[in-house]
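What you see is a predicted model, and the numbers here were worked out from it, not measured in a lab.
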Amino acid sequence: MHRLGRRSLPLLRLLVTLFLANSSASQQPGIPEENLLVLTVATKEPDGFKRFMQTANHLNYTVKVLGAGQEWRGGNIPHSIGGGQKVRLLKEEMQNHADRDDLVILFTDSYDVLFASGPEELLTKFQQFNHKVVFAAEGLIWPDNRLADKYPFVRSGKRFLNSGGIIGYASSINSIVEKWQLQDNDDDQLFYTKIYVDPVKRVTLNITLDHKSNIFQNLNGAVDEVELKFEPTRVRTRNIIFDTLPVLIHGNKQTKHLLNYIGNYVPDAWTSETGCTICDTDLLEFSSLSKFPSVTVGIFIERPTPFLPEFLERLFTINYPSEKLTFFIHNKEVYHEKHIHTFWEKHKGKLKVKFVGPEEILSEGDARNMGMDYCRQNPECDYYFNLDSDVVLTNPNTLKLLMQQNRRIIAPMLIQYKKLWSNFWGALNPEGFYARSEDYINIVERSRVGVWNVPYIAHVYLIKGEVLRTDLKEKNYFNLDRMDSDMSLCRNLREKGVFMYVSNLHEFGRLLPTEGYNASRLHSDLWEIFDNPLDWREKYIHPKYSEIFTGGVVEEPCPDVFWFPIFSETTCDELVEEVENYGEWSGGKSEDKRLVGGYENVPTDDIHMTQVGLDQVWLHFIREYIGPVALKLFSGYHTKGFSMLNFVVKYTPARQAYLKPHHDSSTFTINIALNNKGTDYQGGGCKFHRYNCAIESPRKGWSFIHPGRLTHLHEGLPTTNGTRYIAVSFVDP
């Protein structure tokens with residue numbers, strides 16, 4: 001039989017006394033909410049603190065902030081020990097409540113904490129512990145793992161103390177913190193740990209840990225233990241190991257990005273029934289401003305980019321007072337200097353611009369640092385709007401809509417056409433690189449609409465000028481080792497606790513894929529029909545093309561010969577320039593090594609699409625744009641969209657002025673005018689002999705379509721002056 005020593009008897013009596021007291025406490029009535037005081041330390045008010053206060057106010061907590069406006073001397077948390085200043089401030093505050101046995105104090109971190117539920121649930125759960133003081137718990141020990149063996153054994157749950165969350169009666173908490181005699185930069189968690197692991201003090205002060213995250217959920221070491229529990233009008237964080245619904249969520253150590261994800265929903269920032277509940281709070285009202293804010297637009301052309309002239313012209317579609325816009329443009333690519341020059345010559349004097357060209361030999365990171373500093377150094381710069389050249393903003397109100405959200409950094413959500421590739425990440429992997437969040441597809445596809453706190457944004461974003469002059473005062477944020485410039489910026493922002501938001505409240509535009517763009521051609525955009533089909537259509541297809549299917553634009557000058565708009569003027573010009581740049585015209589000779597058999601019965605002076613590398617582009621164009629027209633005009637015929645002969649013909653009086661009567665080796669033929677009669681040439685046209693019907697083709701960018709074999713014998717009428725260009729395809733030979 002084991003005997004208790006005399007030293008054990010006082011401890012045993014104390015345990016019995018506490019047991020009886022706790023048994024009595026379990027029968028006591030609930031604690032009134034007015035007997036709860038939330039205390040936190042915040043010497044500054046970063047984004048995390050503002051979120052903490054927003055959730056506290058939303059759930060009706062009374063919060064008193066300690067240390068506001070004071071200098072932080074508590075060390076570099078979370079990278080090293082520290083936090084003693086928090087204990088000192090708490091000690092000073094608790095002297096005001098030292099004799100309050102009825103007052104419950106919740107002392108919590110705030111920069112990386114949010115509330116998930118209200119005071120009633122908090123107090124009920126605290127009372128169920130039947131202890132005077134409850135500390136948060138976690139599965140990892142900090143800062144001195146040599147103390148691990150001194151912790152009491154725990155059969156189930158988290159074993160180690162975390163000082164980020166404490167709840168207890170005021171008099172009991174005072175009894176703990178009044179023992180503090182250390183420095184501000186000493187470690188608060190070590191101080192509390194040494195008290196807790198002392199069995200006598202632990203019992204005397206009646207302290208326990210929240211082993212199963214009933215109140216406090218620390219995310220460090222527990223990332224895989226939590227999930228979101230969606231209800232119609234609220235969202236909770238559930239610990240799936242202990243099946244608990246914590247009241248406070250703490251993103252300690254390297255889990256702040258997960259807390260940010262949780263904060264997009266908890267407690268009810270977004271629900272399936274209400275949608276986004278915080279998107280209309282604290283908005284910037286333009287009507288309340290005496291003048292529009294000044295904006296520096298940083299434009300970065302860091303790689304060969306399709307449709308750059310169109311990008312530059314869209315700068316004039318931004319719905320914002322032009323006198324309030326200043327532009328910083330960095331172009332790294334010599335290829336794009338011609339586009340910049342053309343743009344500037346056209347609009348000189350209309351914009352306030354600082355140009356930095358490829359001759360400066362700046363890295364991308366250095367250029368972005370320079371652009372950001374251009375705003376930072378100007379005290380009148382209210383916003384910095386980063387805009388990369390692969391961004392297509394189709395919403396002219398994008399800038400105003402972002403400003404209206406009144407966030408310190410916010411981006412409009414953009415995706416590549418018909419892809420899931422976007423300008424934000426929803427999560428990070430342990431190495432700090434891309435990981436797909438559970439809600440990424442919902443956000444990208446806009447089945448969930450809101451303003452989302454994310455760990456990474458790129459391509460286009462708006463930053464308040466005051467942020468550059470306070471939180472981002474240094475001149476280098478884009479040049480971390482072994483990181484792309486955008487990843488470097490976002491890493492710096494995360495470490496400084498600056499939240500990045502992405503909004504999908506509106507349709508803003510899209511991103512252009514640039515990886516396959518070949519800038520070695522004269523007009524490389526012509527080849528973008530596959531990678532960027534929307535932009536290709538906007539640039540190269542005639543603006544009246546859609547009217548072909550609604551009526552009124554198609555003409556029939558001869559039987560079964562139809563005339564319709566197909567190409568823009570830009571297409572015509574660029575196609576002619578491409579073939580002339582190639583320059584190897586066939587000369588209109590019958591001997592033709594380009595053909596199978598090497599002979600052409602009715603030769604033209606031409607260049608084949610295969611010769612300039614446009615054959616696959618052209619075939620896709622036929623399938624996408626000519627095929628639907630053929631089906632409408634020749635009802636019931638579904639083209640295969642196949643053509644072996646696609647070419648540009650050049651008619652001149654000196655080389656080849658006309659073409660003798662012939663049938664085409666096609667089911668149907670298209671013949672597109674690439675320049676203007678009367679301006680570029682005289683004469684020309686086509687005569688269909690069966691119907692004795694001759695047609696001129698004065699409309700640049702319009703196409704004839706007619707049957708090829710049997711019925712439509714035709715000839716090319718003489719070009720009497722100048723040079724006439726047409727593009728021809730024999731479809732379905």
Side-chain angles (χ1 to χ4, degrees), residues 2-19 21-22 74-75 77-88 90-91 94 107-109 126 129-169 172-222 225 239 241-242 250 252-253:
H2 178 69
R3 290 189 172 183
L4 292 172
R6 291 192 177 187
R7 293 181 180 178
S8 301
L9 290 176
L11 181 58
L12 179 60
R13 292 192 188 100
L14 180 59
L15 288 169
V16 171
T17 301
L18 289 174
F19 172 77
N22 290 339
I77 300 175
H79 301 292
S80 65
I81 62 172
Q85 186 173 353
K86 294 191 292 183
V87 187
R88 175 177 62 78
L90 179 60
K91 176 183 177 180
M94 292 313 301
F107 184 64
T108 174
D109 289 351
F126 167 63
F129 274 96
N130 289 331
H131 283 73
K132 296 294 185 181
V133 179
V134 179
F135 279 86
E138 60 183 331
L140 303 173
I141 187 171
W142 171 268
D144 188 351
N145 57 14
R146 294 173 299 179
L147 297 175
D149 292 339
K150 294 188 177 183
Y151 272 87
F153 173 75
V154 176
R155 186 179 300 276
S156 176
K158 305 297 183 181
R159 185 182 177 194
F160 304 113
L161 179 146
N162 178 279
S163 62
I166 310 168
I167 187 169
Y169 292 102
S172 298
I173 290 182
N174 181 68
S175 297
I176 295 174
V177 297
E178 68 180 1
K179 305 179 188 303
W180 176 263
Q181 299 293 334
L182 302 173
Q183 302 300 311
D184 281 359
N185 61 354
D186 284 317
D187 196 76
D188 60 333
Q189 189 151 302
L190 183 61
F191 166 73
Y192 293 123
T193 297
K194 288 182 176 179
I195 293 174
Y196 178 75
V197 298
D198 185 316
V200 175
K201 291 179 180 178
R202 182 170 66 248
V203 172
T204 302
L205 295 169
N206 197 5
I207 303 172
T208 191
L209 304 186
D210 182 10
H211 297 292
K212 296 187 177 181
S213 303
N214 284 283
I215 295 175
F216 304 106
Q217 175 65 65
N218 291 297
L219 297 177
N220 188 37
E225 297 179 10
N239 187 302
I241 302 300
F242 308 121
H250 184 195
N252 52 327
K253 299 293 184 181

**Message:** Nearest 0.5 Å, please: how far is CZ in F160 from CD in Q189?
**Reply:** 11.0 Å
**Donor-acceptor pair, side chain of D186 and main chain of Q183, under 3.5 angstrom** = yes
**Message:** Using side-chain heavy atoms (C-beta onward) and a distance below 4.5 Å, is M94 in contact with F107?
**Reply:** no
**Side-chain touch V133/I173, heavy atoms, less than 4.5 angstrom** = yes
**Message:** Strictly distance-based, threshold 3.5 Å: is any side-chain N or O of N218 a donor or acceptor partner for the main-chain N or O of A137?
**Reply:** yes
**Request:** To the nearest 0.5 Å, tell me how far N174 CG sits from K179 NZ.
**Result:** 9.5 Å
**Request:** Indicate yes or no: at least one non-hydrogen side-chain atom of N220 is less than 4.5 angstrom from one of W142.
**Result:** no
**Prompt:** Quick one: are H211 and R155 in side-chain contact, heavy atoms under 4.5 Å?
**Reply:** no
**Message:** Under 6.0 Å between ring centres: does that hold for F135 and Y196?
**Reply:** no
**Request:** Might you work through the side chain to side chain contact (heavy atoms under 4.5 Å, CB included) test for Q217 and N239, ending with a clear yes or no?
**Result:** CA-CA 8 Å; Q217 175 65 65; N239 187 302; 2.8 Å; yes
**Prompt:** Taking atom CZ of F191 and atom OG of S163, what is their separation to the nearest 0.5 Å?
**Reply:** 11.0 Å
**Asked** How about Y169 and F126: are their ring centres within less than 6.0 Å of each other?
**Response** yes
**Item:** Note, I167 side chain near F216 side chain (heavy atom, < 4.5 Å)
**Value:** yes
**Donor-acceptor under 3.5 Å (Q85 side chain, G74 main chain)** = yes
**Item:** Side-chain heavy atoms of S175 within contact of L205, under 4.5 Å
**Value:** yes
**Prompt:** Are any of the side-chain heavy atoms of L190 and L147 separated by less than 4.5 Å?
**Reply:** yes
**Message:** With heavy-atom distances below 4.5 Å as the criterion, would you say the side chains of I176 and Y192 are in contact?
**Reply:** yes
**Message:** Looking only at side-chain N and O atoms, does E138 offer a donor or acceptor that is under 3.5 Å from a partner on N252?
**Reply:** yes
**Item:** Steps toward side chain to side chain contact (heavy atoms under 4.5 Å, CB included) verdict (I207, I195)
**Value:** CA-CA 9 Å; I207 303 172; I195 293 174; 4.0 Å; yes
**Prompt:** Could you give all pairs that pass the salt bridge (Lys or Arg N to Asp or Glu O under 4.0 Å) test and reach residues 188-213, with sequence neighbours left out?
**Reply:** K86-D188
